[in-house]
Amino acid sequence: MAYWLVKSEPATWSWDDQMSVESEHWDGVRNYQASNNLKAMRIGDQAFFYHSQKGKEIVGIVEVVKEYYPDPSDSSGRFGMVDFKAVRPLKTPVTLAAIKEHPELKEMPLVRQSRLSVMPVSDEHWALVCELGGTTA
DNA sequence: GCCAACGTTGGC
DNA sequence: GCCAACGTTGGC
């Protein structure tokens with residue numbers, strides 16, 4: 001099983017919104033690198049749910065319930081999406097500032113490639129962020 | 001609100 | 001196929 005991180009602006013789609021629904025399609029990705037990451041996701045893979053802009057923190061964990069399929073909001077037909085369901089919130093959100101303070105976590109694409117909205121997370125980083133967030137991996 | 005990073009578009 | 005111009009994202 002692989003681990004990921006996905007970003008959402010809470011003003012557009014927040015963790016509370018995600019928890020209020022059974023599952024939600026992750027549409028609107030228009031970047032090849034991010035799209036390729038979506039394409040590599042398999043059912044059962046888990047992802048950190050990160051609030052960009054207002055928040056700048058990892059707030060919860062979601063799971064892939066439907067694999068990559070065409071995004072109807074993309075008229076060019078080039079991009080697709082997956083569906084996520086909420087698994088559980090972190091007890092304590094893990095802020096970007098906290099991630100930057102950790103020597104290990106500084107290597108995350110979240111820090112190094114701030115504009116990428118869908119990225120892989122290594123097993124080690126996953127376990128560490130879960131620990132900081134007060135939940136079990 | 002500004003600015004840096006960076007991906008995309010379009011002219012040549 | 002290169003590169004300048006432009007648009008978008010997201011941290012600060």
Side-chain angles (χ1 to χ4, degrees):
Chain A
M1 172 165 94
Y3 297 111
W4 310 92
L5 182 148
V6 295
K7 290 183 183 176
S8 184
E9 286 182 43
T12 307
W13 184 253
S14 71
W15 173 250
D16 285 343
D17 294 329
Q18 182 71 48
M19 281 200 299
S20 73
V21 296
E22 183 58 34
S23 72
E24 181 70 356
H25 51 263
W26 208 258
D27 65 350
V29 171
R30 296 290 182 272
N31 168 284
Y32 285 108
Q33 201 179 345
S35 187
N36 283 336
N37 289 329
L38 288 179
K39 210 177 286 185
M41 291 182 186
R42 294 296 167 254
I43 285 175
D45 282 359
Q46 296 192 336
F48 288 130
F49 190 107
Y50 176 82
H51 277 167
S52 63
Q53 315 223 48
K54 293 234 165 79
K56 283 169 287 181
E57 56 189 12
I58 295 170
V59 288
I61 294 172
V62 292
E63 182 177 320
V64 178
V65 291
K66 183 169 180 180
E67 293 180 10
Y68 195 82
Y69 62 107
D71 178 350
S73 75
D74 172 30
S75 55
S76 74
R78 284 181 288 192
F79 297 101
M81 61 191 189
V82 302
D83 288 6
F84 289 120
K85 72 168 185 190
V87 176
R88 61 182 177 279
L90 298 189
K91 279 207 188 75
T92 316
V94 177
T95 65
L96 181 62
I99 289 168
K100 284 182 167 175
E101 278 170 20
H102 251 268
E104 276 189 67
L105 296 177
K106 273 197 305 204
E107 300 303 313
M108 290 180 79
L110 183 67
V111 179
R112 307 181 60 154
Q113 242 185 305
S114 66
R115 289 182 52 206
L116 186 61
S117 61
V118 182
M119 66 193 78
V121 175
S122 71
D123 291 358
E124 293 76 18
H125 290 165
W126 183 270
L128 189 47
V129 172
C130 284
E131 194 185 318
L132 294 173
T135 190
T136 48

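Order of the sequence lines sets the chain letters (A, B, ...), proteins ahead of strands, with each chain counted from 1.
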Chemist: Do A:C130 and A:I61 come within less than 4.5 Å of each other through their side chains, counting heavy atoms only?
Modeler: yes
Chemist: Whole Å only: how far is the CG atom of A:L116 from the P atom of B:dT8?
Modeler: 11 Å
Chemist: Separation of A:R112 atom CZ from B:dA4 atom P, in whole Å?
Modeler: 21 Å
Chemist: Are A:H125 and A:L110 side-chain neighbours, meaning at least one heavy-atom pair lies under 4.5 Å?
Modeler: no
Chemist: Please state how far atom CG in A:L110 lies from atom P in C:dG10, giving the value in whole angstrom units.
Modeler: 10 Å
Chemist: Send over the distance from A:R30 CZ to B:dT8 P, rounded to a whole Å.
Modeler: 12 Å
Chemist: Just how far, in rounded Å, is P of C:dG10 from CE of A:M108?
Modeler: 15 Å
Chemist: Should A:F49 and A:W26 be marked as a ring-ring contact (aromatic ring centres under 6.0 Å, His included) after you check the CA-CA gap, both sets of side-chain angles, and the distance that decides it?
Modeler: CA-CA 12 Å; A:F49 190 107; A:W26 208 258; 5.6 Å; yes
Chemist: Provide, to the nearest angstrom, the distance between the CE atom belonging to A:M119 and the P atom belonging to B:dC6.
Modeler: 13 Å
Chemist: Looking at the side chain of A:Y32, which of C:dG11, B:dT8, B:dA5 is the nearest nucleotide?
Modeler: B:dT8
Chemist: Provide, to the nearest angstrom, the distance between the CD atom belonging to A:Q113 and the C1' atom belonging to B:dG7.
Modeler: 11 Å
Chemist: Separation of A:E57 atom CD from C:dG10 atom P, in whole Å?
Modeler: 16 Å
Chemist: Check whether any side-chain N or O of A:Y50 sits under 4.0 Å from OP1 or OP2 of C:dG11, and answer yes or no.
Modeler: yes
Chemist: Where the side chain of A:K7 is concerned, which of C:dC12, B:dC6, C:dG10 is the nearest nucleotide?
Modeler: C:dG10
Chemist: Using only modelled atom types and a 3.5 angstrom limit, is any donor from either the side chain of A:R115 or the base of C:dT8 paired with an acceptor on the other?
Modeler: yes
Chemist: Using side-chain heavy atoms (C-beta onward) and a distance below 4.5 Å, is A:V65 in contact with A:E22?
Modeler: no
Chemist: At 4.0 Å (heavy atoms only), tell me whether A:K54 reaches a base, stays on the sugar-phosphate, or touches nothing.
Modeler: nothing
